[in-house]
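As the structure lists them, so they are numbered: ligands from 1, and atoms in each ligand from 1.
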Amino acid sequence: MRRTIPLNFDWRFVPDFREEYIQPSFNDATFETIDLPHSIKEMPLNNFNEEDYQFVACYRKAIHLEEKLAGHRYLLVFEGVGHVATVYLNGAALMTHYGGYTPFQVDITDSVQEGANTLVVAVDSRSTNNIPPFGGTIDYLTFGGIYREVSLVVVPDQYIENVFIQPFDVLTQPKAKVHVTLSQAGNFTVYITFTDPNGKVIQSTHHPMTGLKDTFVVSFDRVELWDIDHPHLYEVTVQLKAGEIAHDRVTVRTGFRDIRFTKNGFYLNGRKVKIKGINRHQMYPYVGYAMPKSVQKRDAEIIRRELGFNLVRTSHYPQSKHFLNACDELGLLVFEEIPGWQYVGDATWQAVLKENLKEMIIRDRNHPCIILWGVRVNESGDMETLYRETNAIAKTLDPSRPTGGVRCFKGSQLLEDVYTYNDFSLTTGDVILQKVEDVIGDSEAPYLVTEYLGHTFPTKRFDREARQLEHALRHALVFNEYLGCDRIAGGIAWSMNDYNTHEDFGSGDKVCYHGILDMFRLPKLAAYTYKAENTQEPFIRISTNFDIGEYDGSFIEDIYVFTNCDYIEILRNGHSIGYYYPDRETFPHMEHPPIKVSDLFGNLLVELEGFDEETAEKIKAFTRQLARIGGLDKITEKERAYFNDPQMDERAWDLYGKYVANWGQKRVNYTIKGYIDGKMAAEITIGRIERYALKVTPDQSTLRIEDTYDATRIVVEEIGDKDNVVQWGFDPLHITTSEHLEVIGPSLISLVSGKVAFWVKTTGKIGTGTVTIYSPKYGNHEVKIKVVRG
Ligand code: GAL
């Protein structure tokens, strides 16, 4: 029977390559001992030479085989090696794989022996390789190394090479085609079992199979559909027997769902679903692409649960299987992309592209979350021959899914099912998104906006409030625009996270600050635009801390509140100043648009100062104008039209100082209450801070060493006594760990705008680990992380 042996621990690594390393007799005692996933080079967060991670490195692994079974095949499976891998076993070169984002398999049956074996992998991470995505300039770094897992799979000679489940007619009379591919033809019976999420068998059947490939149709009385809100998954076990002799058994997951792109949008299970998406880069600080399962899964959780998106685009390459498994489990739709960025190379380059496309689809076609295959190099020009071929490959390997091909110019030749278009129109003019007919004329093709905003408004988490706000509002403008346009199936924002990039892009420090989260997945204000619209758990996020010193001339103009509550009330030192409602005029298509607050006087002038309504309104208008230009002494005679009374002018300006700017007063507390169905559902208070503290929150408190090491992010925040993160905390922190854990990246870091995060990974030692965060200001802060096996 099939056995899978993970090979992720105890590799020997050296950052160069020499012929002698290939020989089993070579003594690698001086090499570094590492575990997979591994990055060919740990990089600083920013400001580095991007050539530093580009070289040929050597990975060696001793494999001990107790017994070599006759009549069996030994297959080495690499989930992803960046970017060219040559595999040697016991001194012999067995294969070279091109492309850093897709899995490959090496049949080592003829070279593996009982007892000691030496596996050597030469890993070439140079961007001079003639393979996708290399050749032009690229707006992201490509890192390298054996950055996903490796395993040895032992199967009988006659084994199941592939199982592809293709559900159909799911809305009427659910059925599934079960496509089985064998390594060798024989006289077999194939047993197929579908099991529901509770472990109950819902259908089982068996069929004779004599060829290499066959397709069996299985029918069901009833199935639970896979949907974004109810991602029901089924397990399908395919067993291969010759008479009573069991040869092989493979289990895959599937989901029953019906997808359809039409001129009027996207339909999931017959229901129109607006695609609300985000682009993800799979990179992390310091280790680039190399992060284990739970960290990959966490990204999917952040996207689906914390920000409420229903789709992710794997820009610009196939991503980790763990990430995709999590998308299946969370109901997060996926637009999966082939590797590439604008540049298309020669025939050799294109051959690798096509091979990578095949590898991607064969690996991923059982994921119900995937609704679209990207078969065109992101933003490349029209290339009819190549893209007819890539479309044909996709349709042959998976007739069930539509294709898309992301471009950024109008009137491009459409060879795919969906016109997928990067629309960066929103800059300074009035155009938020192009009209569909201006891009594709009178074509009735389904249409999806696959990127927007990004470089048009780069924003750092540590930018000042006004820029963060503008960033959040621009996201809201585009979001609102596509929500309101039936002709557009949806939008996919650029991008989830900031990412390391080449010197030709980004902010000069090798970082592109295009994320709505930073590289540590810590949110910028723009993240709350989406959270408000897409999530249920009531929350309030305000665009300001009311610190006048943050604003030119101390003038905080409009304040915005991002919330999923129906409306808010603002209280000043406990006194209600009024109720404020979502800005439906600017954002008519959002359910929870930002709430604009232009009036911080509210009803205070009437209630506390005794003015009539009319005068109060005049004071508000007059002082707002004054504040904008910088005060009373800047005003012309004409502008005094409101009062024409120097005393009243002075009084109004004083009142502004008292109630809005809070000049010369003790810091005021503002409380914002959010209401849903008339009941208070959330509340925050911003104001005086008397005590400060450090708050430390790990994503997970238990780590599991399974097929490989585990890791968790730990977020450190400097907070005030009302639990708000302080805006400008920059203190240094020193992290130490017990022997159970190890910090990924530097152990000396600093808060950036009140926050920072880091990851720790397991070392192999089981028990309760401790992470100690020392701050000169706050002393030691300890977190306990349990490390278990399995
Ligand atoms: C797009 C590109 C993305 C990213 C983005 C920045 O053209 O596809 O990878 O560079 O611009 O806005």
Side-chain angles (χ1 to χ4, degrees), residues 46 50 100-101 127 132-143 277-283 288-289 311-319 335-344 353 372 374-383 387 404-410 412 416 418-428 431-434 439 448-460 463 467 470-472 474-475 477-479 482 490-519 524 526-527:
N46 61 351
E50 59 206 58
Y101 302 95
S127 59
F134 306 124
T137 51
I138 313 171
D139 173 23
Y140 53 91
L141 294 190
T142 49
F143 303 102
I278 190 94
N279 282 279
R280 174 190 187 235
H281 264 306
Q282 65 175 10
M283 73 186 56
Y289 290 169
L311 180 136
V312 61
R313 173 168 170 242
T314 66
S315 36
H316 298 295
Y317 36 73
Q319 300 191 352
F335 173 7
E336 188 164 40
E337 282 282 13
I338 46 169
W341 203 83
Q342 296 190 346
Y343 173 86
V344 173
L353 179 78
L372 203 53
V375 297
R376 175 186 184 120
V377 167
N378 174 64
E379 294 188 338
S380 56
D382 287 343
M383 303 188 76
Y387 293 136
V406 170
R407 64 268 284 165
C408 55
F409 57 97
K410 294 178 178 175
S412 147
E416 300 81 21
V418 183
Y419 198 100
T420 39
Y421 181 62
N422 290 350
D423 188 335
F424 292 98
S425 303
L426 180 68
T427 45
T428 47
V431 181
I432 297 174
L433 286 174
Q434 296 295 316
V439 181
L448 179 65
V449 174
T450 37
E451 288 181 33
Y452 59 86
L453 226 62
H455 63 278
T456 63
F457 205 77
T459 302
K460 305 179 181 76
D463 267 331
R467 186 161 183 99
E470 179 64 24
H471 186 224
R474 286 183 185 218
H475 270 281
L477 274 179
V478 186
F479 192 24
Y482 78 68
I492 311 175
W494 189 265
S495 63
M496 172 193 178
N497 48 304
D498 294 341
Y499 51 94
N500 285 127
T501 192
H502 290 284
E503 60 191 350
D504 324 72
F505 301 90
S507 293
D509 62 344
K510 312 285 157 70
V511 179
C512 242
Y513 294 93
H514 295 177
I516 58 168
L517 312 175
D518 69 8
M519 265 205 266
K524 302 175 190 171

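A centroid separation of less than 6.0 Å is found between the aromatic rings of Y499 and W494. For an aromatic pair to be called close, the ring centres must be under 6.0 Å apart, and Y289 with H281 fails this.
Taking all atoms of both residues into account, the shortest heavy-atom contact from M519 to N500 is CE-ND2, 3.6 Å. Minimum heavy-atom separation, T456 to R474: O-NH1, 4.2 Å.
Ligand 1 is surrounded by D139, H316, W341, N378, E379, N422, F424, E451, G454, H455, W494, Y499, H514, each with at least one heavy atom closer than 4.0 Å.
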Practice problem: Just do the side-chain hydrogen bond (donor to acceptor under 3.5 Å, both in side chains) check on S425 and D423 with the steps written out, would you? | Solution: CA-CA 6 Å; S425 303; D423 188 335; 2.4 Å; yes
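For the pair D463 and K524, the salt-bridge criterion is not met [side-chain N within less than 4.0 Å of a carboxylate O].
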